[in-house]
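First listed ligand is number 1; within each ligand, the first listed atom is number 1. Residue indices begin at 1 and follow the sequence shown.
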Amino acid sequence: MSKQTLSFQAEVAQLLHLVTHSLYSNQEIFLRELISNASDACDKLRFEALDHPELYEDAPNLEVRVSFDKKARTLTIADNGIGMSQQEAIDHLGTIAKSGTKDFMSRLTGDQKADAQLIGQFGVGFYSGFIVADKITVESRRAGLKPEEGVRWVSGGAGDFEVETITRAQRGTSVTLHLREDAEEYLNAWKLKQVIGKYSDHISLPILMEKEEWKEGEDNKGGEMVPTGEWEPVNKASALWTRPKKDITDEQYIDFYKSITHDQEAALAWSHNRVEGSTEYTQLLYIPAKAPYDLWNRDHKGGVKLYVKRVFIMDEAEALLPGYLRFVRGVVDSADLPLNVSRELLQESRDVKAIREGSTKRVLSMLEDLAKKAAPAPAADADGVTDVTDKKEEGEAEAPNAGESGKYATFYAEFGSVLKEGLGEDFGNRERIAKLLRFASTTSDAVTVSFADYKARMKEGQEAIYYITADTLAAAKNSPQLEVFKKKGIEVLLMTDRVDEWALNYLHDFDGTPLQSVAKGAVDLGKLQDEEEKKAAEQAAESFKPVLDKLKEALKDKAEDVRITTRLVDSPACLVVQDHGMSMQLARMLKQAGQQAPEVKPVLEVNAEHPLVKKLESDTAHFDDLANILFDQALLAEGGLPADPAAYVRRVNALLV
Ligand code: ADP
């Protein structure tokens, strides 16, 4: 084939114009795009060579070489991948075959600023070379073709390009950029290494550059760096996640974790897998041992690194995991997303949704594994059924098993409260999340009791999982609402995390057993109460009615209602809220945080057996003071403050005197 001049397809011309005019602010991406193409070409060769090993010819080591010529002002990116035939060069570099491109072009508005934004979200690939070059020369030979069947493609990036046949001994492609004057900074090894390090460190092939050394000028005047003819890799060339799991040691996994997180401590666990199917991606996800200092900061993004075909796209791609798993670190490498995908685009992508669901499942099973190893006894799942997702997939790599038992506790202490957010955020996985939660309880100060443990210890006839929320463990433990439960030996979960109250709103039962706050609604111990107790309570309510009515009147501004209770043993009174009402504690918390909270009017419950309450019947002179003291004390006991502390003190002092 002699030299021919061909026109670009109309869309290409349009795209080229756009590239050269709009991508100026982000010049350096051209290198990422061209190295990515070179790496793809090597991947393709590797794939075809599976069936045709002769395609490797005598150069089985796939690599990319980046070199420059200061005098000629050229930068060359050369690979020994699959290469292009003449027709392929015409087709691939002269037309746009990708279906997405047409769609993309149709969305262009003609407004340069808006279009520049659009193009930023779209892989411009090869044509990005024209951001920095006013002419590009491509020389290529497809693997398997004869040396005489090489091709040279040259274009100035305007309306047309030239192609001609050349003889090219080596297979693969070299792309030579004739740099514009304002792109001369890329004629500098240091600059190139920096850009390569930024975007292509995890390209699995070596990217080589020629070693340079300093040469003094004549008579010690000036001097310059000159090439030595020796090539050295400038990227780490270690896309760890692309290697087979069996070839990766625990130490390598941990080193990689440290390198991407700058965390000094090893991760607690990791999960590395390749997912195939309609959405293809590889994930290597880690559970850190320590929360970052800004985990609770609203601006903390979290999330994992996103790569597309081993090319780094962005850090903290929070769209790849739900918010309650924002502590997870690692890498997701997608085979489907476009290289220039933006954060906005990520939010909408179907592929990303699939990745998020897959990654969530993966993280939950990692946590389930850690939790299992922490269990003192060989604990069966609460329902005796093992989730299918618990099973290790073939070839899955997991963190080592030694010394595992403390890991879940470590994880939970650092991230348990974040995980709880999942109850409200991820309905689909609510049950799995609930199983992972741990609490202190009236039988364990340590935060180790799971709902399943609790259920296994429930009393005969007990129909609910009881819990109480409070600011501190001490306040929870000494809460008057617990008295009857203590007396009857019924365990109550003690919840002291700020997020508990909110999170528990979303969990009404666990494995069929309802959850019941002991500070909400009337206590109904159901079958746990014997007939005699029930009768005694009814009688007390009857004979106490006149006093109750007086109490209601005296406290009508403070209490929604006043009633006799059986939940108290030693205390005279306590406050509860209506069954679905906001707890006093949450209302206080919201107020402290400066947020709107509904005025919670609690119910005052009194213990008719208590001497102080009995006194109400006889001491009519001090009735009002006593009533108010009862109410305010109940408020104090649960960590609140009387509305008028001075009045409270005055009343108590009056009685003391
Ligand atoms: P994309 O890589 O997204 O398909 P590009 O515009 O970057 O789009 O490249 C267009 C096509 O040109 C590629 O799909 C590939 O077939 C071919 N190509 C580009 N660079 C190379 C290369 N270094 N070796 C072989 N083929 C290449």
Side-chain angles (χ1 to χ4, degrees), residues 6 8-9 11-20 23 29-49 55 57 59 62-67 75-105 119-133 136-145 149-155 157 161 163 166 168 170-177 199-200 203 205 207-208 307-311 313 334-341:
L6 298 168
F8 282 121
Q9 184 191 24
E11 281 96 342
V12 177
Q14 208 184 337
L15 183 63
L16 275 171
H17 180 83
L18 208 71
V19 165
T20 46
L23 283 180
I29 60 148
F30 82 90
L31 199 54
R32 172 185 79 187
E33 301 282 320
L34 295 180
I35 288 179
S36 164
N37 277 355
S39 159
D40 282 351
C42 291
D43 282 349
K44 281 180 200 157
L45 175 67
R46 202 180 280 131
F47 183 74
E48 282 192 27
L55 289 178
E57 300 172 11
L62 300 174
E63 61 193 26
V64 180
R65 288 175 188 245
V66 177
S67 58
L75 172 64
T76 300
I77 292 101
D79 64 71
N80 58 357
I82 192 72
M84 285 177 273
S85 67
Q86 292 159 6
Q87 193 56 48
E88 283 169 336
I90 293 171
D91 291 346
H92 294 158
L93 306 182
T95 60
I96 297 177
K98 283 182 294 187
S99 55
T101 310
K102 292 242 166 77
D103 175 43
F104 164 72
M105 299 306 265
I119 205 168
Q121 300 173 10
F122 187 84
V124 283
F126 171 76
Y127 303 106
S128 65
F130 286 106
I131 303 172
V132 292
I136 299 181
T137 305
V138 179
E139 295 188 348
S140 190
R141 174 170 68 79
R142 200 180 200 286
L145 293 183
E149 296 179 282
V151 60
R152 177 182 295 128
W153 177 106
V154 183
S155 176
F161 59 94
V163 272
I166 57 164
R168 182 175 154 95
Q170 70 275 41
R171 96 178 159 245
T173 306
S174 77
V175 177
T176 297
L177 306 170
Y199 294 113
S200 311
I203 290 273
L205 340 148
I207 300 168
L208 307 176
Y307 282 76
V308 172
K309 298 183 199 124
R310 289 182 304 290
V311 178
I313 305 296
S334 156
D336 306 308
L337 294 168
L339 266 176
N340 258 340
V341 69

Classify the ring geometry of F8 against Y127: parallel below 30°, tilted from 30° to 60°, perpendicular beyond 60°.
perpendicular
Using 30° and 60° as the class boundaries, would you call the ring planes of W153 and F126 parallel, tilted or perpendicular?
perpendicular
Could you see which bit of [X] sits under 4.0 Å from ligand 1, with heavy atoms only: side chain, backbone, both or neither?
{"X": "H92", "answer": "both"}
{"X": "L93", "answer": "side chain"}
{"X": "D79", "answer": "side chain"}

Which of the atoms of ligand 1 are close to F126, meaning less than 4.0 Å from one of its heavy atoms?
5 (P), 6 (O), 7 (O)
Can you tell me how far CD1 of I136 sits from CG of L75, rounded to the nearest 0.5 angstrom?
10.5 Å
Between CD on residue E88 and CD1 on residue I82, distance to nearest 0.5 Å:
8.0 Å
Can you sort out the partners of R65 under salt bridge (Lys or Arg N to Asp or Glu O under 4.0 Å), two or more places apart, ordered by chain and number?
E63
Do N37 and ligand 1 have an N or O pair less than 3.5 Å apart?
yes
